[in-house]
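The next block holds one structure in the form of structure tokens; read it before the comments.
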Protein chains: 2
Amino acid sequence: MVPMATRAQRTDRRADALSKERIVETAIEILDTEGESALTFRALSARLATGSGAIYWHVANKEDLLAATTDDVLARVVTGEVTGAPPQEAIRAIALGIFDAIDAHPWVGAQLSRAPWPSAMLRIFESVGRQLQALGVPERAQFDAATALVSYMVGVAGQNAANARRVAPGTDRSAFLGTVAAQWARLDPARYPFVRQVATQLAEHDDRAQFLAGVDLFLAGVATL
Amino acid sequence: MVPMATRAQRTDRRADALSKERIVETAIEILDTEGESALTFRALSARLATGSGAIYWHVANKEDLLAATTDDVLARVVTGEVTGAPPQEAIRAIALGIFDAIDAHPWVGAQLSRAPWPSAMLRIFESVGRQLQALGVPERAQFDAATALVSYMVGVAGQNAANARRVAPGTDRSAFLGTVAAQWARLDPARYPFVRQVATQLAEHDDRAQFLAGVDLFLAGVATL
DNA sequence: ACCTGAACACCGTTCAAGT
DNA sequence: ACCTGAACACCGTTCAAGT
């Protein structure tokens, strides 16, 4: 307790003192407001009113910086089980937490499929695994099931983010989907009957609900184990 | 037929004539043998014995080039249904085709979670959708189920590729997994009981089999619809 | 211990000039 | 129509020099 207070005092002496937390925080700001391409060590050091080399005292390199920003965002995903709630509900809540986090910070999606799991992912994996145990999944199948579920969550949320990044910031989402749906409807009926059939659903579908439908499909499969 | 032959003749007149196909082919070679960071317009133009600007005559920019390489690899994934084979088997075959393609070309995984679906993905989506129809999935649920399945396939295969890229080319895979498993086993038992439990399975698990186990979990869920 | 900022070795992309 | 290659406007990273 005492050393903690001492450290806090020293850190707070100068509100603008450089630290890894402040660097990560500012990097997230840039990523959120201006996109991945805007995050350069020059832009970052300009915002932090310091030299570009100063950042390297706190961060190993750009890869390390991006890993830290990703971990920071994912660390806020709540995984604590609500007492009394059925395991399925807990898993759905975790899934939506990941979806919303990546939806709010699309660059996290790209990062997750480039780098290894940040430490925050292990916490999520642990939570999902415990809920599967609560569901009565046989021990032999728990590892595969947890891996599949978490991979699905991260993979799909990431792809949604890729699509989100595609749509120009100003443009209307439904208008964009309408254009794609129109393209699908124009495909060769002999070669793409299924795509043409679902084209009508594309424009009005909700990514979040569709993501959750996939989780439920998984849970239905898990229930058969 | 005749115009095809004529075009082939003209293309073959100079074996080293620059074309988008030859550029994409060479780019894939570089990506496979030297990794993503080695693919530069300078390296590419050196291999093609031309100026870097010449490539821009055939390709819009680097994003376009990467999209073309990804599409080229995915186009080779076989989706044609084997006559008589049950739909589940056909879906498993498609899934393994994607897994193996990304396993052989890990950079495809990163690309898929950064860019929108290349045209080859639509063919895969169509095939999966048709197999789901053959399984008797109600029409209302087909879109969600096909999206979930394809997203899972691409997402997981991509994450496996990210891990593969992590392990240094020379190092032993099982030795690497052993190190991670040892780390997991050392985690706080109070906070990470599940992770500790599956640590023993980590070292000896097969990514491909685990990927397929996830597909089967999905299919079991689909069967309940 | 931490910060500065010029310098280095690269990039992707453009474009006048060639054939 | 297609290719050349120098030039431009950037990058991430390093490092001697400062405080």
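Every chain is numbered from 1 and lettered A, B, ... according to where its sequence line falls, protein lines coming before strand lines.
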Task: Proximal nucleotide (of D/dG12, C/dC3, C/dT13) relative to the B/Lys62 side chain - done: C/dT13
Open item on the list: By nearest atom, which of the nucleotides D/dG12, D/dT13, D/dC3 is closest to the B/Ala54 side chain?
Closed with: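 It is D/dC3.
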Task: Nucleotide forming a Watson-Crick or wobble pair with D/dA6, both distances under 3.5 Å - done: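 Base-paired to C/dT14.
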- [ ] Could you let me know what C/dT19 is paired to, Watson-Crick or G-U wobble, both distances under 3.5 Å, or none if it's on its own?
- [x] D/dA1
- [ ] Measure the spacing between CG of A/Leu217 and CG of A/Leu212 and express it to the nearest 0.5 Å.
- [x]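 It is 11.0 Å, given to the nearest 0.5 Å.
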Open item on the list: Working to the nearest 0.5 angstrom, can you tell me the gap between B/Thr33 OG1 and B/Ile28 CD1?
Closed with: 11.5 Å
Starting at atom [atom1] of [X], determine the distance to atom [atom2] of [N], rounded to an integer number of angstrom.
{"X": "A/Leu48", "N": "C/dC3", "atom1": "CG", "atom2": "P", "result": "10 Å"}
{"X": "B/Glu36", "N": "C/dG12", "atom1": "CD", "atom2": "P", "result": "13 Å"}
{"X": "B/Lys20", "N": "D/dC3", "atom1": "NZ", "atom2": "C1'", "result": "18 Å"}
{"X": "B/Asp64", "N": "C/dT14", "atom1": "CG", "atom2": "P", "result": "12 Å"}
{"X": "A/Tyr56", "N": "D/dC11", "atom1": "OH", "atom2": "P", "result": "12 Å"}
{"X": "B/Leu44", "N": "C/dT13", "atom1": "CG", "atom2": "P", "result": "12 Å"}
{"X": "A/His58", "N": "C/dA1", "atom1": "NE2", "atom2": "P", "result": "13 Å"}
{"X": "A/Phe41", "N": "D/dT13", "atom1": "CZ", "atom2": "C1'", "result": "8 Å"}

Open item on the list: At 4.0 Å (heavy atoms only), tell me whether A/Leu39 reaches a base, stays on the sugar-phosphate, or touches nothing.
Closed with: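 Sugar-phosphate, backbone atoms only, no base.
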Open item on the list: Categorize A/Ser45 for me: base, sugar-phosphate, or nothing, with a 4.0 angstrom heavy-atom threshold over every strand shown.
Closed with: nothing
Open item on the list: Please report whether the ring centroid of B/Trp117 lies less than 6.0 Å from that of B/Phe125.
Closed with: yes
TODO: For the residue pair A/Gln197 and B/Gln142, confirm or rule out a side-chain donor-acceptor distance under 3.5 Å.
DONE: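 Yes.
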Task: N or O in side chain of A/Trp57 less than 4.0 angstrom from C/dC2 OP1/OP2 - done: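 The answer is yes; a side-chain N or O of A/Trp57 sits under 4.0 Å from OP1 or OP2.
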Task: Toward the 5' end of DNA chain C, by each residue's nearest nucleotide, A/Ile55 or A/Arg42 - done: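 Its nearest nucleotide being more 5', the pick is A/Ile55.
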TODO: Answer yes or no: is there a side-chain heavy-atom contact under 4.5 Å between A/Phe41 and A/Lys62?
DONE: yes
